[in-house]
Amino acid sequence: MTEQNTPAIDPAEDLPEQMRVRRSKRDRLLAEGLPPYPVEVPRTDEITEIRARYADLPTDTGSGDKVSVTGRVIFVRNGGKLCFATLRAGDGAELQAMFSLDKVGEKSLGDWKSLVDLGDLVAVTGEVIASRRGELSVLADSWAMSAKALRPLPVAHKPLSEETRVRQRYVDLIVRPQARDVVRTRATVVRSLRESLFRRNYLEVETPMLQLLHGGAAARPFVTHSNALDTDLYLRIAPELFLKRAVVGGIERVFEINRNFRNEGMDSTHSPEFAMLEAYQAYADYNVMQTQVREWIQEAASAVAGSHVVTHQDGTEVDLGGEWAQITLFGAISSALGEEVTIGTDLAQLQRYAEKVQLSVDPKWGPGKLAEELFEHLVTDSLVQPTFVRDFPEETAPLTAPHRTTPGLTEKWDLYVGGFELATAYSELVDPVIQRERFHAQSLLAAGGDAEAMQLDEDFLRAMEYGMPPSGGMGMGIDRLLMALTGLGIRETILFPLVRPE
RNA sequence: GGGCUGCUAGCUCAAUGGCAGAGCUGAGGACUUUUAAUCCUUAGGUUCGGGGUUCGAAUCCCCGGCGGCCCA
């Protein structure tokens with residue numbers, strides 16, 4: 001402790017007038033023995049319950065029942081001797097509170113008018129009635145502050161700016177019902193996915209987020225440091241290599257829903273941290289996973305919308321029912337180009353095609369990578385209806401089993417919905433010798449400066465050398481599933497997305 | 001990474017190089033049945049930050065910050 005006292009912070013300095021006013025109301029509440037932040041307030045019923053219970057209360061009658069309700073004051077209509085306020089609960093349910101001179105008395109009514117602002121949380125005790133205009137109300141005998149709001153609420157009738165909505169999500173949640181709906185929808189979807197997997201006898205596990213090596217995907221990782229181990233650690237870019245270790249150990253159906261971290265660009269479909277479902281099933285393949293993933297998404301759609309037809313926030317309806325289209329990667333490229341392109345098409349020819357369609361080519365790309373880039377350039381935007389794109393080149397799928405009939409291809413599909421990649425699945429590569437060769441090729445890429453290349457994971461190879469059953473595996477972005485079901489941008493599906501510091 | 005675009009009162013927005021404004025919110029007043037209540041009065045500004053051009057800059061130019069949209 002120093003001799004010099006920290007100067008008392010005087011928040012009255014430099015504050016906007018409206019915040020000064022609210023602080024002085026807080027002071028007046030204290031001075032009058034009305035705690036602005038009491039530990040407890042009376043609360044007998046939820047607003048939602050009262051709306052349901054008294055839905056049929058006739059206009060201009062009393063119920064005879066006394067209740068205590070709580071809510072945030074979102075509208076006030078103050079009169080001389082009779083005041084109205086609209087209270088809103090956390091679930092969005094609203095109820096009118098009425099304060100009349102003859103019920104609460106002059107002092108309490110005066111306090112209500114002079115000390116309560118829009119945005120305050122209050123508790124109101126009184127009889128449930130229906131007003132002369134038929135509005136279900138609590139006619140107050142008494143009221144109490146539950147929490148004084150020191151900041152004014154944004155105007156309820158104009159849309160909040162995009163930036164404020166994201167930076168101050170708590171305000172967004174208060175004023176915008178759709179913001180709360182998204183939170184509910186997301187919880188419904190995640191719960192539906194878990195139930196879908198539990199029903200099919202999958203076990204949920206949690207695997208390391210802090211990893212000594214990064215692997216399981218092609219992405220640039222975040223790096224952090226362990227003081228205890230005196231070594232750098234990576235935030236995981238995927239749980240894949242650990243879930244496969246679990247399959248080696250005999251956990252034959254396993255999944256994880258958790259966050260991945262990728263140190264890459266942020267845009268309307270990419271967030272640095274994003275939630276992902278990964279699932280592995282022994283003795284299955286990419287065809288089995290294709291059916292299951294469709295079923296899981298359809299079950300999630302049903303949980304959210306009650307049917308396979310989901311309605312986006314702009315009103316468009318998307319039908320996710322039935323079987324979904326499937327195309328092959330090279331078939332899609334061929335029909336987009338009007339030229340026959342196969343896994344056998346050589347690099348020079350692919351480069352000529354790329355030039356023809358004005359795709360700029362990184363000289364480090366091999367033919368497989370270039371084919372994938374051609375596909376993304378030419379086809380993905382048109383894949384609005386759910387479509388499985390199958391059979392990717394070996395070059396870009398180092399963890400995937402070789403195709404059963406076509407050399408050079410792997411058994412991998414990507415699922416596209418709404419023009420973006422929603423999910424992926426493989427027949428997993430389980431041959432430890434080939435896996436080592438694939439890792440070796442990746443390490444050459446890394447040595448060549450590819451920051452997204454996978455690292456050679458000896459412990460993973462050791463696990464595989466004990467024998468991993470033939471398996472199907474899948475991964476799906478939870479945030480993107482929300483996007484597909486709601487039509488929202490990724491930052492709307494994440495409650496508190498990363499934003500630049502103010 | 002590139003292009004376009006925005007940042008003004010607590011919130012949403014005007015102000016076309018010439019006095020920085022409106023609605024809601026706030027403050028004061030009227031009103032015992034309102035529904036985004038209404039009516040009267042009224043307060044509120046580092047125009048994102050810095051530099052420049054100009055008699056004069058919210059406005060034009062340059063640099064920086066933070067968003068949005070499109071493209072790669």
Side-chain angles (χ1 to χ4, degrees), chain A residues 11 13-26 28 57-62 73-88 94-106 108-110 112-120 126-127 129-140 148-168 170-172 174-177 220 264-270 354 357-362 365 373-374 376-378 380-381 419 488-492 497-502:
Chain A
E13 298 292 326
D14 296 331
L15 279 182
E17 183 204 7
Q18 295 195 37
M19 289 186 61
R20 288 200 305 272
V21 167
R22 284 173 184 248
R23 277 169 198 273
S24 81
K25 288 179 179 177
R26 174 185 179 276
R28 280 163 54 201
L57 195 61
T59 293
D60 201 17
T61 56
V73 177
I74 56 162
F75 299 119
V76 289
R77 298 172 289 279
N78 285 344
K81 300 187 180 68
L82 180 63
C83 299
F84 302 86
T86 304
L87 306 186
R88 182 148 71 201
E94 295 176 5
L95 187 65
Q96 178 167 270
M98 297 170 62
F99 306 85
S100 76
L101 180 64
D102 53 17
K103 286 280 181 188
V104 299
E106 199 169 332
S108 185
L109 187 67
W112 171 267
K113 284 197 266 191
S114 63
L115 296 175
V116 175
D117 291 298
L118 289 181
D120 290 353
E127 183 188 356
I129 65 159
S131 76
R132 271 180 217 168
R133 300 290 289 269
E135 184 75 33
L136 190 65
S137 310
V138 173
L139 179 58
K148 178 71 193 168
L150 295 184
R151 287 178 184 270
L153 233 41
V155 291
H157 318 293
K158 297 280 186 178
L160 212 49
S161 73
E162 182 93 13
E163 186 169 2
T164 307
R165 276 164 45 186
V166 172
R167 284 192 188 276
Q168 301 185 47
Y170 37 88
V171 175
D172 190 29
I174 289 169
V175 300
R176 203 168 56 95
R220 193 180 289 246
E264 296 173 347
M266 299 160 63
D267 61 32
S268 62
T269 56
H270 294 83
V357 298
Q358 291 168 341
L359 171 68
S360 57
V361 176
D362 185 331
W365 291 348
E373 292 287 337
L374 276 167
E376 283 179 29
H377 182 74
L378 294 168
T380 54
D381 284 351
L488 295 167
I490 197 166
R491 293 213 302 178
E492 297 294 324
L498 182 67
V499 288
R500 283 180 202 278
E502 284 179 83

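Labels below follow one simple rule: chain letters A, B, ... track the order of the sequence lines, proteins then strands, and each chain is numbered from 1.
- In this structure, the side-chain contact (heavy atoms from CB on, under 4.5 Å) partners of Pro497(A), at least two apart in sequence or on a different chain, are Val166(A), Arg169(A), Arg491(A), Ile494(A).
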Original post:
For every nucleotide of nucleotides 39-49 of chain B, 5' to 3': is a protein heavy atom under 4.0 Å from its base (B), only from its sugar-phosphate (S), or from neither (-)?
Top reply: ----B------
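- Met98(A) comes within contact range of at least one nucleobase, with a heavy-atom separation under 4.0 Å.
- With sequence neighbours left out, the salt bridge (Lys or Arg N to Asp or Glu O under 4.0 Å) criterion links Glu373(A) to Lys369(A).
- In a base pair of the Watson-Crick type (N1 to N3 plus N6-O4 or O6-N4) or a G-U wobble (N1-O2 and O6-N3), with each distance short of 3.5 Å, G64(B) is matched with C48(B).
- Base pairing annotation: G26(B) forms a Watson-Crick or G-U wobble pair with U42(B), both donor-acceptor distances under 3.5 Å.
- For the pair Ser131(A) and Phe75(A), both in contact range of RNA chain B, the more 5′-proximal nearest nucleotide belongs to Ser131(A).
- Considering every non-hydrogen atom in both Lys113(A) and Asn78(A), the closest pair reads CG-ND2, 3.9 Å.
- Judged by distance alone, with hydrogens and angles left aside, the side-chain atoms of Arg167(A) form a donor-acceptor pair with the main-chain N or O of Arg500(A) at under 3.5 Å.
- Annotation: C48(B) and U54(B) have their P atoms spaced 23 Å apart (nearest Å).
- Backbone-only contact: Val76(A) has heavy atoms under 4.0 Å from sugar-phosphate atoms and none from a base.
- In this structure, Gln358(A) atom CD and C71(B) atom C1' are separated by 13 Å, rounded to whole Å.
- Comparing G10(B), A72(B), A27(B) by their closest approach to the side chain of Asp117(A) singles out A27(B).
- One atom, CG of Leu136(A), and another, C1' of U35(B), lie 14 Å apart when rounded to the nearest Å.
- Rounded to the nearest 0.5 angstrom, His377(A) NE2 and Leu359(A) CG are separated by 5.5 Å.
- Using N1 to N3 plus N6-O4 or O6-N4 for Watson-Crick, or N1-O2 and O6-N3 for G-U wobble, each under 3.5 Å, A58(B) pairs with nothing.
- In this entry G21(B) has C13(B) as its Watson-Crick or G-U wobble partner, both defining distances falling under 3.5 Å.
- Taking the C1' atom of each, G44(B) and A36(B) are spaced 22 Å apart, rounded to whole Å.
- Annotation: salt bridge (Lys or Arg N to Asp or Glu O under 4.0 Å) contacts of Arg77(A) (sequence neighbours excluded): none.
- Residue Asp60(A) is classed as having no contact, given no heavy-atom separation below 4.0 Å to the nucleic acid.
- Between Arg22(A) and G26(B) there is no side-chain polar atom (N or O) within less than 4.0 angstrom of OP1 or OP2.
- When heavy atoms are screened at a 4.0 angstrom cut-off, Lys25(A) is found touching the sugar-phosphate backbone but no base atom.
- Take Arg26(A) and apply the salt bridge (Lys or Arg N to Asp or Glu O under 4.0 Å) test, not counting sequence neighbours, and it matches no residue.
- For G67(B), one of the phosphate oxygens OP1 or OP2 lies less than 4.0 angstrom from a side-chain nitrogen or oxygen of Arg500(A).
- Taking the P atom of each, U46(B) and C4(B) are spaced 31 Å apart, rounded to whole Å.
- At most 12 heavy atoms of other shown residues, nucleotides or ligands fall within 6.0 angstrom of atom CZ in Arg220(A).
- Across all strands shown, the partner of G1(B) is C71(B), judged by Watson-Crick or G-U wobble contacts whose two distances both fall under 3.5 Å.
- The listed nucleotides are A37(B), G67(B), U32(B); the one nearest the side chain of Val499(A) is G67(B).
- Counting to the nearest Å, the P atom of C70(B) and the CG atom of Asp381(A) are 11 Å from each other.
- A distance of about 15 Å separates the C1' atoms of G17(B) and G52(B), rounded to the whole Å.
- Between the P atom of G1(B) and the CD atom of Glu264(A) lies a distance of 14 Å, rounded to the nearest Å.
- Rounded to whole Å, the separation between the C1' atoms of U35(B) and A22(B) comes to 24 Å.
- Put simply, the side chain of Gln168(A) does not reach to within 4.5 Å of the side chain of Asp172(A), judged on heavy atoms.
- Here NZ of Lys148(A) is found 5.5 Å from CZ of Arg22(A). Values are rounded to the nearest 0.5 Å.
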Check nucleotides 11-15 of chain B for protein N or O atoms closer than 3.5 Å to its own N or O atoms and list the pairs.
from   : atom 1 : to        : atom 2 : distance (Å)
U12(B) : OP1    : Ser161(A) : N      : 3.0
U12(B) : OP1    : Ser161(A) : OG     : 3.4

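- If you take CG of Leu109(A) and P of U32(B), they are 10 Å apart, rounded to a whole angstrom.
- In this structure C31(B) sits in no base pair that meets the Watson-Crick or G-U test at under 3.5 Å.
- Atom P of U8(B) sits at a distance of 22 Å from the matching atom of C70(B), rounded to the whole Å.
- Remark: Phe84(A) engages no residue in a ring-ring contact (aromatic ring centres under 6.0 Å, His included) (not counting sequence neighbours).
- Comparing Leu101(A) and Glu135(A) along RNA chain B, the residue whose closest nucleotide (by nearest heavy atom) sits nearer the 5' end is Leu101(A).
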Write down the protein N/O and nucleotide N/O pairs, taken from nucleotides 2-7 of chain B, whose separation is under 3.5 Å; answer none if there are no such pairs.
none

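- For C31(B), the OP1/OP2 oxygens have no side-chain nitrogen or oxygen of Lys113(A) closer than 4.0 Å.
- For the P atoms, the distance from G18(B) to A57(B) is 11 Å, rounded to whole Å.
- Listed by chain and residue number, Phe99(A), Trp143(A) satisfy the ring-ring contact (aromatic ring centres under 6.0 Å, His included) test with Trp112(A) (two or more places apart in sequence, or in another chain).
- Annotation: G67(B) and U25(B) have their P atoms spaced 31 Å apart (nearest Å).
- Shown here are the salt bridge (Lys or Arg N to Asp or Glu O under 4.0 Å) partners of Glu264(A), two or more places apart in sequence or in another chain: there are none.
- Per the geometry, CZ belonging to Arg20(A) stands 11 Å off C1' belonging to G26(B), to the nearest Å.
- As a whole-Å value, the separation of Asn78(A) CG from U38(B) P is 13 Å.
- The CD-C1' distance, from Gln96(A) to A36(B), rounds to 13 Å in whole Å.
- For Lys158(A), the side-chain contact (heavy atoms from CB on, under 4.5 Å) partners at least two apart in sequence or on another chain are Val155(A).
- Residues passing the side-chain contact (heavy atoms from CB on, under 4.5 Å) test with Ser114(A) are Arg28(A), sequence neighbours excluded.
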